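Everything quoted here is computed from the prediction, not taken from an experiment.
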Amino acid sequence: MDGVNLNAFTENAARLGMRIQETFNEHTRDLSITRGGASIFDMPDDKVKNIGKQLDSSSDREKLDAMKRLIAVLTSKGRNVSAYFPQVVKNVASQNLEIRKLVYIYLLRYAEHEPDLALLSINTFQKDLTDPSPLIRAMALRVLSGIKVPMIGSLVVLAIKKCAADLSPYVRKAAALAIPKTFQLDSNQQPALISVITTLLRDRSPLSIGSAVIAFESVCPTRLDLLHQQYRRLCKILMDVDEWGQIDLLNLLLRYARTMLPKPTISLTGGSMEEELDGDLQLLLSSSEPLFQSKNPAVVLATVRVFYYTGPPSSTSKIVNPLLRILHVSREAERVVLAYLLVITRAHPQLFSTQYPRLLVRTDDPSQVKRDKINALLNLCNIDNHQALLHEFMDYADDVDEVVVADSIYAIGRCARLVPSCTQQCLSALMTMIKSRHDIIVSNAVLVLKSLVQNQLLAGSSASASSQSPLTIISQLARRIDDIKHPQARACVLWLVGQYSATQGSTGIEGIADWAPDVLRKSAKSFNIESPLVKLQALTLAAKLLLLCPTNRTLEQLSRYVFSLGKYDLNYDVRDRTRMLTSLLAGVSPTINGREAEEQGSVVLRREQVTKVLFDGKAGIIDEEAMGHHHLSIGSLSLVTGKAMHGNGILPEWLEAGIDPALRQSEEDVTQFALPPQTISSASSTVQRALGSAGITPVVLTPTGSSTPSRDAKESWRDLDKFYASDNDTKESESSSEEQDSEDEGDKGGESGADESEDDENDVGDESGEEGTKEESSESCAGIRQ
């Protein structure tokens, strides 16, 4: 007997253990899925095959597990899981909220591929629009608008209208976001969508305003007339809108201000400058100024754009500290902020001239950031800080990035033009750089020296015997022609030698500097291996030297040799340049082409005419500015990318006079200015009528004195000592009045009935007076509206 009981006990214990294990597994399945979410994305293919069975299961836990795995396969591995569409659609009306969310996500992805099956679930979505949960209503509208089937466009518009009037601001936000999808699906619904947008722009909740602005920009961006009566309210709620909604709203208000508001003007009165600013524009600036403190750099940049393009000159200085604050928030923000600074510092360098240490280049900066900082520092260069910036540019010339080296050397040349007093210092630095062992430094230094020397010679600088005179620099460059390898730099040296080789009293060839013929000899020796750019300048050098001294036999033979090389060169430009130069020199050296000029049958120019063509052909120097798209407006994508981008917003021009301010006056403004300050009884007239209809006499609180406190009374409460003193006096008077009332209580007991009757009569009189006051106020309000 004991053995039987022991066996039964063992069997029951085993069953209990199995039941506990099953229960434990069931209750910890969701926990394992939640905590070990990575396992869902890395599940094997055999578990993917079981998803169909789980979707057909009657257990919500199995369905939820299947939907999670299905979405994981869709998002992580990018597989096409549209084969499960019929099974997923069957769960669209599930009572489990988590399952419905995942079903909605799946339908958003594949509703376009299976429009017929998606149409079967439209009734369920329309039913979900009346669900008690705002989340379900919003998701139902989102899925309904995401089904890209043109035939349901009218149904989607009706759903949007219904959700636009929903009590939940989250649902109204979803309705606003569904408008661009519907407009893209069926543009014929634009009039109906504009009416919905107008309703959403009047929304009191800041949550949906940002989405309403997005819908406005997508459907009717030019209908700024819809914002007339909403402009002031949108400015006032700007602080309460979400961050990304603030960006869109600021851009919209900027367009409205420049299109509908008068431009700020500056007038001179009595030797002082006075700014005339419209009140509505001042409202926009004062409402957006607190956004300078936003943590989101995009909001700060949008606010900077508003102040830069709408604010008067006195308010432009407010953008300095916010831009410098977000400069080092992140590398991405730094890249965009520098693009803004390049435009602002070019137009208003005085704003950041004292803040240049904040823009110095760091070693770990990306290449493009270094280039932008160099250009920004160059915009800030002036007589006060040019020494510090010049030393910075010299240090940047040793950077490992060749592009940064070129920009820094170019910046040194620009400093010499911006501050002429430091020209000699810049020339000394550049002459030191041409002795460097790095070709990139030498070539860029030669290019900048060519521009500076040309400027000095055209400006009439005296060619003294000092080491920094223009001709001395050219002679040093000519002697170092073999060390210069960069084609463009070699071409610049050849051009300088040919252009400024004419001299008086030379010891060699008459009329030509001593170092010029040797440069021609070296270039003729390496003519065949030079680049086409250097070949063109070598041909020009030969023509100029031959023109300066056509009687020298050696120079003529050397020039003829160079022309013969160019005549049979493989490059078309080189052959054309050779043919042109030999034709020009036909009157100077008749045998330059190997035949007499008369045999050519062409026009022969005199030596003076050829000199005019070759030496005086260029009218001046083209001042090459720093690279950048400064004609673009800040806030455009092209300003950051440096390329023309589709979708760049066009900043409208200012409307000089602006429209009538009365168009922006809403009903709230009319009521605010029309209704005079009233007593409490008049404000509750509606409640009085309701109580009167019920047969209840309302209690009316009417002050015995004037209806509004005087200004002196308001001023007296601003002093804290007076306030406490008056409070103590009030308490003393109340205590004394209570004592007096207790003494006279017996005497006044008989008169209470008469007082009550008199109070009733006074109440009736007050009610009639209040009704008359209300009628007068309503008449005055109607008159103002008319």
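With a 4.5 Å cut-off on side-chain heavy atoms, H328 and V337 do not count as touching. Taking 4.5 Å as the limit, some side-chain heavy atom of F125 sits within range of a side-chain heavy atom of V92. In this structure the side chain of L234 never reaches within 4.5 angstrom of the side chain of L238, judged on heavy atoms. Side-chain atoms of L207 and D240, non-hydrogen and from C-beta on, never get closer than 4.5 Å to each other. A heavy-atom distance below 4.5 Å is found between the side chains of L129 and C163. You'll find the side chain of I214 stays beyond 4.5 Å of the side chain of E217, heavy atoms only.
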Exercise for review: Determine, stepwise, if the pair D65 / R69 fulfils salt bridge (Lys or Arg N to Asp or Glu O under 4.0 Å).
Suggested key: CA-CA 6 Å; D65 186 16; R69 296 183 184 278; 3.0 Å; yes
Practice item. Evaluate the criterion salt bridge (Lys or Arg N to Asp or Glu O under 4.0 Å) for residue pair R331 and D364; output intermediate values, then yes/no. Key: CA-CA 11 Å; R331 291 191 179 274; D364 58 342; 3.7 Å; yes
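Within 6.0 Å of atom OH in Y170, 12 or fewer heavy atoms from other residues, nucleotides or ligands are found, so the atom counts as exposed in its surroundings.
Looking at Y106 and N91, their side chains never bring a donor and an acceptor atom within 3.5 Å of each other.
Relative ring orientation between F307 and F292 is described as tilted, the plane-to-plane angle lying within the 30° to 60° band.
Atom CZ of residue R137 and atom CG of residue D166 lie 4.0 Å apart, to the nearest 0.5 angstrom. The CD1 atom of I152 sits 5.5 Å away from the CG atom of L144 when rounded to the nearest 0.5 Å. Taken to the nearest 0.5 Å, the CD atom of Q230 stands 11.5 Å off from the CG atom of L252.
Counting only distance, with no hydrogens or angles, the side chain of R100 and the backbone of I136 share no donor-acceptor pair below 3.5 Å.
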